[in-house]
Each structure stands twice: as C-alpha cells, then as structure tokens.
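Remember, it's a predicted structure, so these values are computed and weren't measured experimentally. Here is the naming used below: chain letters follow the sequence lines, and residue numbers restart at 1 for every chain.
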Amino acid sequence: MDELIHAFFNWPILKESMPLLIQGLWVTIKLSFFSIVFGIILGLILAVLRTLNVKLLNFFIVIYLDFMRAMPLLVLLVFVYYALPYLGITLKPYPAGILTFTMISSAYVAEIFRSGIEATPKGQMEAARSIGMNYFQAMRFIILPQALKIVIPPLTNNSINVLKDTSLASVIALPELLKQAQQIQAWKANPTPLIGATLLYLLLLIPLVKLANKLEKRMSPK
Amino acid sequence: MIQVKNLQKKFKDIEVLNGLNFGVSSGEVVVIIGPSGSGKSTTLRCLNRLEEPSGGHIYIEGKDIMDPKANLNKMRTNLGMVFQSFNVFPNMKVIDNVTIGLIQVKKTNKLEAIKIAEEMLIKVGMIEKRDSYPDSLSGGQMQRVAIARALAMQPKIMLFDEPTSALDPEMVDGVLNIMKKLASEGMTMVIVTHEMGFARDVADRVIFMDNGFIVEEGPPSQMFSSPQHERTKSFLEKVL
C-alpha cells in the first residue's frame, strides 16, 4: 500500500511538480483556444463558400475536407513538424501544433456548419433575397444566425475533441500538459506527475462535457 | 409597369412555362388562377427572378431584368413578395423583421427605419406584437408581418404567392382584407390564389393558366360568368 501511495500519490512530488504542470495546462489552454477559434473561422468560410455551388471550387473544398477527415491527427502532426523541414518549411512546435489542429478541426466544423445551413428552410434565403439582400447579407443576417443555433451542441463537442487531441502535441516537444508531466516523471523517476496531469485534464474537461450535455438537451425537440 | 415577353421556364426537359406574354399596368390588380402544376407560382417567382427563367424578357418599369447587367438586388426592392409559407425570420423580433431590409439594403438610418416599420405594422394590425418573436405568432399573424416586411421597402409592385393557402380558415379573411386595402390604395399587385371570391371582388383582371400556357384572361365579370374556353369552364365549375 505504501508503495502504491509512494508511486502514484506522492504528495511532496505532486506539490513540487504543480507549478510546472500549471504551466503545461496554460499551454494546453492556449493551444486549444487558438486551434478551436481558427478551426471555426476556417470551417465557417469553407461551409459558406461551398453553398455557392461553384463546381471547381467545391471540387477542391471536398478534396480538402475528405483528406483532413481521413488523416490521422498524429500522422499529420508528425508530418508537419518533422517532414516539412525537408521542403524548407520549418515550423516551431507552437505554430506546427496550431496549424495541424486547425486544419483537421476546420474539416469537421465545415461539415457541422453545412448541416446547419442545410437545415435552415429554403424559404428563408428566398425571403431575404426578395427584400433585396445580396447573398452574403442573407447568409450573415438570416441564415447563419439560425444555423448557429442548431450547430452549437456539435460545435461544443468538436471543441472538446480538439482540446483532448492537443495532448498529441507532446510528440513534437510542445510543452503542453502531458509533455510537462512526462518530463517531470522522467526527472523524478515517479509517475505521480502523470496523476496530477490527469486530474487537471479532468478538471478542465468535465465541466465542458457537462455543458455539451446541457446544450444538447436544450436544443433537442421537446 | 410589368411587361412579360415570351417567358419560358424549363426544369430539365420539362417545359413549365411555354412562352408567356402578358402585362400589368400601374395600379392594376391581376389575379392568376389555375390548377396545381399549371405554372402560376413559377410565373410569379420569375417576375423577381427567384426562379431563373430559361428564356424571354421581363420588363419592370421599362427595364429588362433579364439583362445580365441588371441590378437584381435593387430591382427586388421595387417588388415586394409574400410567400405561401410566410418565411418570416424566426431569429429576430417582429420589428426587426420589418426594419432589416431598410437598414441593410436601403441603408435607412435606424430611427427612420423603425418609424416606417411601425407605420407598416399598424397598417397590418400587428403593432402590439412589435417585440414578439415569430414563434409566438399564429400563421395569420406571421403572414401579416411578412406583408409589413415587404411593404416597408416601399415597393411599386407587390407579388403574392398563394398568401392564404397555408392559413387556418379563420385567419384567411384578415390577410385578404389587408390585400383589399392595399388594392384600394392603388398598389400594383400580382396575386396567385385559390380564393375565387377574392379574385372576383378585387381583381381588375384574371389570368387563367393551364399546363404552362395562358389559356384566357379578362375582367373577373367575364371570366367567372362567361369563360370562353372549355378548359376554363371545367376548372371554374370544379372550384366555384
């Protein structure tokens, strides 16, 4: 028993490693925040462009979306960080991570927004155009506000996934929460910091999961 | 006001409109009747190019709106449209439904837009619902808001696409009365409807369509009492 406590719940080590873990948590939060925000912006642009029904443009958008949804995140991350330098593109861990997470997330976000836009009745666009709005005004003032209401729950779920996936950035030496924990673990020769990291992840994510549940319930038809 | 020349519409290989010719003069109320699938709604929707015609010309106040250089958005502010399914914007309050076109399209300043919108809501009897959201309104109320939204743009012509077909029977008269009032004020109107009583009372001219053709047109007195064509007769016998 004592051994177990010494290995996994070593209070002095936990206390000592906390400041570094908090630093890692902060990196995780920043990394997630930028990836989620950029992913939503790029996904929204792709979804709206796709509704224009320009054949050639949609051809390329669909290739991008299929590619990003088929691509294992870790493979893309390793590719961006370790392979692109051979093409003369060397990215620091931070931008490489944000770029990868943004690209993959944007593909899912684009599909989420597309379903939201398609769920808005066709007559809404017609009514908006009939009072003289141009296509983008109709999108901005009429269609997207209605679509947004529908897509908030799936968008929240996608954001949770992005946040969880940022732990993969530990393989490109990005000092996020998991990477920090592993480093302290190696240095102290004790796995307690991993327990600390786990607790911090759960502390961050459980409220978000609860929020997603709540939003889903609120949006589902009575 | 409106001149339609050889208007054609094809959906894939099916001819929906077979070269229609008709005109609407200023202040005239024209009602288009006919069986379902005869092309009435398609004709109306071509007039503001919500439906893209396959051929022909449509002149609104002398300007050909089929001209590739025509400014569609500007043209549409002159043509108010009312839909069968209302299409009020559920994401905004009644008042914002009516001001949004003024503010975003006509760039009217907000106070002025609200003034115009309130005037229109009074006209359609919906001012007490000014700050409600559409989901709390009945169908008839939504349609009246939709009419106010179209009127707020101060259009020269109003297009009505079966405005009462989706309404509960007790709501129909309220909407028809507003349309009558508009007609008496001299608004140019093109109306697709199944309300034959309304057509008889309010129309200056009735157009009967079947199979993408205009079979016959004339003043309601003539159309309803002594139609010239067999097809018109048999249709009117069924609906009257």
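With a threshold of 4.5 angstrom between heavy atoms, B:Leu159 does not approach chain A through any atom at all. With a 4.5 Å cut-off on non-hydrogen atoms, B:Arg49 does not touch chain A at all. Both the backbone and the side chain of A:Gln124 have a heavy atom closer than 4.5 Å to some heavy atom of chain B.
Annotation: side-chain contact (heavy atoms from CB on, under 4.5 Å) contacts of A:Ala96 (sequence neighbours excluded): A:Val80, A:Tyr81, A:Leu91, A:Ile172.
Under the 4.0 Å criterion applied to side-chain N and carboxylate O atoms, A:Lys122 and A:Glu126 are assigned as salt-bridge partners. A salt bridge does not link B:Lys9 to B:Glu52: none of the charged nitrogens lies less than 4.0 Å from a carboxylate oxygen. Ionic pairing of A:Arg114 and A:Glu111 is present here: one or more N-O contacts between side-chain nitrogen and carboxylate oxygen are shorter than 4.0 angstrom.
Of residues 86-109 of chain B, those residues lying under 4.5 Å from chain A by any heavy-atom pair are B:Asn87, B:Val88, B:Phe89, B:Pro90, B:Asn91, B:Met92, B:Ile100, B:Gly101, B:Gln104, B:Val105, B:Lys107.
Geometric assessment of B:Lys63 against the ring of B:Tyr59 yields a negative cation-pi assignment under the 6.0 Å and 45° thresholds.
Screening residues 20-43 of chain A for side-chain hydrogen bond (donor to acceptor under 3.5 Å, both in side chains), with sequence neighbours left out, gives no hits. For residues 151-162 of chain A, the side-chain hydrogen bond (donor to acceptor under 3.5 Å, both in side chains) pairs, not counting sequence neighbours, are A:Ser105-A:Asn158, A:Asn157-A:Glu216.
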